[in-house]
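Here's the structure, in structure tokens; my notes come after.
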There are 2 protein chains.
Amino acid sequence: MPEFMDVHRGMHGITPDGLKEAHQADLDIQDQEGVVFKHAWADPDSGLVWCISEAPSAEAVRKVHEASGHPADEVYPVPVQA
Amino acid sequence: MPEFMDVHRGMHGITPDGLKEAHQADLDIQDQEGVVFKHAWADPDSGLVWCISEAPSAEAVRKVHEASGHPADEVYPVPVQA
């Protein structure tokens, strides 16, 4: 299944518990769109959060993030990896 | 050791071999700065590349990427993960 990197902006001050809670909200509903979120990284200072997922499409990733209450600002396919 | 997400822009059309070669160039010299590059993801269409690493500092990540010939446009600490 294709993999995607998505980016959230404006998450300044995000805490470990806050990220865990947001990530769990995605996991709880990801089956609806056939998405598998694998990991999330956050920088509380810049307010940036990145999530890597396997998904049928970028739109599926967007739908899960929107439904769980934290829409992604950008979603990119990452077909090339090393 | 702290982890960092770095971003490269303008890598349009990057191929699997191109990313593998660039990543290997980092791996070959990363010990000089005590950096451990773990994974890289690329989107040839947007030209964006992300690398995750363990490093003593963002400056150490920058130094390795510069010395291997592909400076990072942005380097962020990612102390919060899920």
Check your understanding: Can B:Met11 be reached from B:Val7 by stepping across I, L, V, M, F, W or Y side chains whose heavy atoms are under 4.5 Å apart?
Key ->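 No, because B:Val7 and B:Met11 fall into different hydrophobic clusters, even though each may have its own neighbours under 4.5 Å.
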Check your understanding: Do you know the tightest heavy-atom contact between A:Ala82 and B:Leu19?
Key ->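 Looking at all heavy atoms of both residues, the shortest contact is N-CD2, 3.6 Å.
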Review point. What is the minimum heavy-atom distance between A:Ala40 and A:Cys51, and which atoms define it?
Key: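 So the minimum-distance heavy-atom pair works out to CB-SG, 4.0 Å.
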Check your understanding: By side-chain contact (heavy atoms from CB on, under 4.5 Å), which residues pair with B:Pro79, not counting sequence neighbours?
Key ->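 side-chain contact (heavy atoms from CB on, under 4.5 Å) check on B:Pro79 returns A:Pro44, B:Pro77.
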Check your understanding: Apart from A:Met1 itself, which Ile, Leu, Val, Met, Phe, Trp or Tyr residues share its cluster (side-chain heavy atoms under 4.5 Å, direct or through members)?
Key ->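 When side chains under 4.5 Å apart are linked, the cluster holding A:Met1 also contains A:Val36.
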Exercise for review: Linking directly or through intermediates, with side-chain heavy atoms under 4.5 Å: list the remaining ILVMFWY members grouped with A:Leu27, chain and number order.
Suggested key: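 Once heavy-atom contacts under 4.5 Å are chained together, A:Leu27 belongs with A:Phe4, A:Ile29, A:Val35, A:Phe37, A:Val61, A:Val64, A:Val75.
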Tabulate, with distances rounded to 0.1 Å, every donor-acceptor pair spanning chain A and chain B at under 3.5 Å.
residue, atom, partner, partner atom, Å
B:His39, ND1, A:Ala82, O, 3.4
B:His39, NE2, A:Gln81, OE1, 2.7
B:Ala40, N, A:Ala82, O, 2.8
B:Ala40, O, A:Ala82, N, 2.9
B:Ala42, N, A:Val80, O, 2.7
B:Ala42, O, A:Val80, N, 3.4
B:Val80, N, A:Ala42, O, 3.4
B:Val80, O, A:Ala42, N, 2.7
B:Gln81, OE1, A:His39, NE2, 2.7
B:Ala82, N, A:Ala40, O, 3.0
B:Ala82, O, A:His39, ND1, 3.4
B:Ala82, O, A:Ala40, N, 2.8

Practice item. Pick whichever of B:Ile14, B:Val78, B:Val80 has the most heavy-atom pairs under 4.5 Å with chain A. Key: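 Ranked by heavy-atom pairs under 4.5 Å with chain A, first place is B:Val80.
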